[in-house]
Amino acid sequence: MLEKKIDFVKVSEGKYDFWLKEKFFSTHVKNKPPFSIVLPPPNITGKLHLGHALDTVLSDIIIRYKQANGFDTVWIPGMDHAGIATQTKLIDFLKTKGINWRLLGRKKFLEEAWEWKKTYADIIRSQWKLLGLSLDYSQERFTLDEDLNRCVNKVFVNLYNKNLIYRGERIINWDITLKTALSDVEVLYKKEKGNLYYFKYFLDGTKIFLPVATTRPETIFGDTAIVVNPNDKRYKKYIGQYCLNPINNKKLIIIGDKYVDINFGSGVLKCTPAHDKNDFELSIKNKLDKINIMNEDGTMNENAAFCEGLDRNLCRKKVVHFLKKNNFLLKIEKITHQVAYSERSDTVIEPRLSKQWFVKMKELAKKVIDLQNSDNKIIFFPNMFSKKLLEWAKNVNDWCISRQLWWGHQIPVYYKRNTNDFIVCELPPKDLENYYQDEDVLDTWFSSSLWPFTSLHWPKNDYYYDRYFPTSLLVTGYDLIFFWIFRMIVQSLEHTKKPPFLGCLIHGLIRDQNNRKMSKSMGNGVDPVDVINKYGIDSLRYFLSANSTPGLDISFQEQKIIAGFNFLNKIWNSARYVLNIIGSDFCEQEIIFENLSTIDKYVISMLQKTIQKMTVNNDKYRFHISLHALYSFVYDDFCSFYLETSKINRDNETTKQVLFFILKNIVFLIYPFCPFIAEELYQNMPHSKKSIMQEDYPKYQADLVLKKSVSDVLLIKEIIKDIRNIKTTNKIQPNHPVNIDIYTTEKLFDGFLECLSHFVFAKNVQVFKDKYQRADNDKKIVLQYAKISLSVDLQIDKDNVKKMLIKNLEEINKSIQRSEKLLNNKKFLEKADKQKVIEEKTKYSEKILTRTKILARINEIK
RNA sequence: GGGCAUUUAGUUCAAUGGUAGAACGCUUGUUUAACAAGCAAGAGGCCAGUGGUUCGAUUCCACUAGUGCCCACCA
């Protein structure tokens, strides 16, 4: 016997271990079509948050749904070493223990990192379990595993040999805290108020000066030229002459370049090639010197003269102070500008000239564009993200992949000692004593970008790779399109000649109830574990699937979780009732549709429509629609109506069969979304398989749908509602018995009268074949429908009856007006769908009939 | 500057080329033999604005306005 209320702790207990023990997640059947997903590997930096819960739960629903639909599914789990993120966290962690990571040394540090990985991997696995994910653990991978390292090296060598990887001295984004280069996507821009300083740069040997504007005065030591627009009337005459750098009197050539915006600032640009990307480009074009003035940690180096050793911010102050004192400062303008910050350390990025490894992206991106413009394109759900991807691919820059970190894939490049020679190879050279390996590691996204094929055993062309690659679907958030999705497609096309996945389901972010992004710094994050402890995993899963629209953000609201729990509790209790009614000796029999009563047919019809709607939308990953259909079926058709009518004759064997049939289908339909409750109910009801995981998903059966039964039953639902309404508005007890006379020439469906008496406590129901005659008492209510009239003996005040009738009349008049407008429109009759026209005409005549009856009734009442 | 999305009930969100739905909240009633985290009834929306396509537009298209996001970035 089931509990009155779901005890989700009890329900969830042991299920996951049972599924694991039965190997349901890791058994693969060759004779079924394959369906594969690789899990976006979570970072080993902490616990999983709601965002992870969202995309893993969506994936799990899909995997379970596909498996129940006859696919051989596989879902590959794994985790990401998350180079920079993990290293940052580990450094902080070591610091709390009083350990300086640099002093610890690379080897010891990496040992600590692997320990860290072990700890967090266990936490993550326990959360996967909590979420109920049907992952094939036999295939679990870690992005820094040895075999994956070999893949990374192979890819690196491939790209290098194709001349798609190069080493070069470029301006990169330098993180002074972590002392590493970053790629462009790891930089965040924040709008900030700042100063725009105007300095005087005097022309050599004159008292004429050019006003030069800068937001970063400290870079003045690195100036190697002054640039003006060659079309700028104010300054073009000075091109070719020299200015003096006010800080050190160094001669700076004045050059002309159209890059300079005449209207911005003063129209004069100081060129600092080693500390600005655009200035660097200018310096290449114009063969200018590049002076590096800063150390790796953001302090000034020997080129900064009297500022040597100062932090960049202090240097800025000192430079401004110096120039002001010596009368070189023209003015300071307050401006709002975008300042680049490191995504990881949240310190201001320093553009810095540095020798790094890069991937040439233009050529690779072209293949992505070609793919998405072909018939074999990856299908995005929703489709608009395909456009976003293309936009990105068209504007992509070279990808800086080297990081000055320890935790990651060390770059497979070996330099010959005491020379400039190096070799690029998958395995270390044999005479290693003559070589040393590049100290740097690769951007963590480099190995992530290989994930779909390396996790499926590439480059081994084995069974797994052959069968499951390309993967069927990728499920992830839109925030990862550029970091990850794009790069995966690039790498996959290059190395496997195939796309990494055939479809891509994109979801949004989970926001808090005030629609703010959830973030640690704001402290508004919600821990999925808390939600699970409070409402159970299935309530969370229901929330995540029923409230998310592909591609759009979700606002997290506890009341929605509660609503989900209530829905599941509803199913639970209906099951409790059904199981109680059918009894322990119940034996399932095949239902013969033709022999059923109208109401039985109705509920089965509605079930079929629900199955149809759910199947269509599940296939498009539109779970919110699919679950909405199930929700209204469960509440409106099953619980409120059928289950109630079934109480009329509980002992009827056919009713029991239908009740069970419906319940069973509801449990199967909800299973992919809420597997724990579904399994619990399955185990508690008559069943033939070991687990619900072995059952098939319900299939739509057109032969179980009857059109007429629907409209008949809808009528009685309407009648019930009206009578209840009258009772409520007239303050009559709901269970107050009423006498009802029915006037109709139509044949009432079987069960009609029983329904009426059950739902509205009708007594002495009499049916008259003749047309309705004036009731002998004006206080009786008469309800008018097109083919049926009801005289309901409720002894209500005459005025109230009249009021009610007038309200009805107004409603029907409105509706008639609409129909007349439509039917008087010749063009509508000509051009509209013929079925639609017939429908409209039928409705119209029914409405007219009803109106006539209501009018007559109003006239009767004096 | 370029691009994308979004605007629907008090709130959070759906759906839809043919009289707009849910949840929560609100009002009223109800302990009617599964469920009071229940049941029943009800109030509440000219679907942002203006045009266009259409027999018909909340839905498709264009423009405008508000909101949000992404990319680029000016020294």
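Below, read A as the first sequence line, B as the second, and so on, with proteins coming before strands; counting in each chain starts at 1.
- In this structure, A/D261 reaches the bases: a heavy-atom distance under 4.0 Å links it to at least one base atom across the strands shown.
- For A/F483 and B/rC70, the CZ to C1' distance is 12 Å, given to the nearest whole Å.
- In this structure, A/R516 does not reach the B/rC69 phosphate: none of its side-chain N or O atoms is under 4.0 Å from OP1 or OP2.
- Rounded to whole Å, the distance from CG on A/N573 to P on B/rG38 is 11 Å.
- For B/rA14, one of the phosphate oxygens OP1 or OP2 lies less than 4.0 angstrom from a side-chain nitrogen or oxygen of A/T549.
- No salt bridge links A/K847 with A/E820; every basic N to acidic carboxylate O contact stays at or beyond 4.0 Å.
- Side-chain nitrogen and oxygen atoms of A/K388 include none within less than 4.0 Å of the OP1 or OP2 phosphate oxygen of B/rC4.
- Among the heavy atoms of the strands lying under 4.0 Å from A/L643 is at least one base atom, whether or not backbone atoms are also near.
- The pair A/E839-A/K836 counts as a salt bridge, with a side-chain nitrogen and a carboxylate oxygen less than 4.0 angstrom apart.
- Proximity of A/H337 to the phosphate of B/rA75: a side-chain N or O atom is located under 4.0 Å from OP1 or OP2.
- Both A/K827 and A/K731 lie near RNA chain B, and the one whose nearest nucleotide falls closer to the 5' end is A/K731.
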Scan nucleotides 18-23 of chain B against the protein and return all N/O pairs shorter than 3.5 Å with their distances rounded to 0.1 Å.
residue : atom : partner : partner atom : Å
B/rG18  : O2'  : A/K836  : NZ           : 2.9
B/rU19  : OP2  : A/R818  : NE           : 3.1
B/rU19  : OP2  : A/R818  : NH2          : 2.7
B/rU19  : O4   : A/S815  : OG           : 3.0

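- Residue contacts shown for A/F556 are absent, as no nucleic acid heavy atom lies under 4.0 Å away.
- Contact annotation for A/N515: backbone-only contact, meaning every heavy-atom pair under 4.0 Å involves sugar-phosphate atoms and none involves a base.
- Contacts of A/S574 with the nucleic acid, taken as non-hydrogen atoms under 4.0 Å apart, include base atoms.
- Between A/Q513 atom CD and B/rG25 atom C1' the separation is 14 Å, expressed in whole Å.
- A/K717 has its NZ atom 11 Å from the P atom of B/rA41, to the nearest Å.
- Side-chain atoms of A/K258 and A/N229 form no donor-acceptor pair, as typed in the model, at a separation below 3.5 Å.
- Counting heavy atoms of neighbouring residues, nucleotides and ligands inside a 6.0 Å radius, atom NZ of A/K647 exceeds 12 of them.
- For the pair A/L480 CG and B/rC70 C1', the interatomic distance rounds to 13 Å; values are reported in whole Å.
- The backbone N or O of A/K10 lies less than 3.5 Å from a partner atom in the side chain of A/D7, making a donor-acceptor pair.
- The side chain of A/N278 places an N or O atom within less than 4.0 Å of a non-bridging phosphate oxygen (OP1 or OP2) of B/rC74.
- Rounded to whole Å, the C1' atom of B/rC60 lies 8 Å from the corresponding atom of B/rU53.
- The base of B/rA33 lies close enough to the side chain of A/R650 for a donor and an acceptor atom to sit less than 3.5 Å apart.
- Among the heavy atoms of the strands lying under 4.0 Å from A/V260 is at least one base atom, whether or not backbone atoms are also near.
- Look at A/K807 and A/E810 and you find no salt bridge, because none of the NZ, NE, NH1 or NH2 atoms lies under 4.0 Å from a carboxylate O.
- For the atom pair A/L627 CG and A/I670 CD1, the distance stands at 5.5 Å (nearest 0.5 Å).
- Using a 4.0 Å heavy-atom distance criterion, A/Q557 is classed as a sugar-phosphate-only contact.
- With rounding to whole Å, A/N397 atom CG is found 7 Å from B/rC73 atom P.
- A/F385 comes within contact range of no nucleotide atom at all, as no heavy-atom separation falls under 4.0 Å.
- To the nearest angstrom, C1' of B/rA37 lies 12 Å from CZ of A/F8.
- A 4.5 Å side-chain heavy-atom check between A/I561 and A/F556 finds at least one atom pair inside the cut-off.
- Only the P atoms considered, B/rG42 is 12 Å distant from B/rA22, to the nearest whole Å.
- Between the side chain of A/K5 and the base of B/rA36, no donor-acceptor pair under 3.5 Å is found.
- When the nucleotides B/rA75, B/rC69, B/rA34 are ranked by their closest atom to the side chain of A/R511, B/rC69 comes out on top.
- Residue contacts for A/E839: at a heavy-atom cut-off of 4.0 Å it reaches no nucleic acid atom on any strand shown.
- Distance, A/K570 NZ to B/rA36 C1': 11 Å, rounded to whole Å.
- To the nearest 0.5 angstrom, A/D223 atom CG is 10.0 Å from A/F199 atom CZ.
- Among the atoms of the strands shown, none is found under 4.0 Å from any heavy atom of A/Q835.
- Put simply, the side chain of A/H758 gets close to the backbone of A/E644: a donor and an acceptor are under 3.5 Å apart.
- In this structure, A/C271 reaches neither bases nor backbone, as no heavy-atom distance under 4.0 Å exists between it and the strands shown.
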Between the protein and nucleotides 42-45 of chain B, list the N/O to N/O atom pairs that are separated by less than 3.5 angstrom.
residue : atom : partner : partner atom : Å
B/rG42  : OP1  : A/N725  : ND2          : 3.3

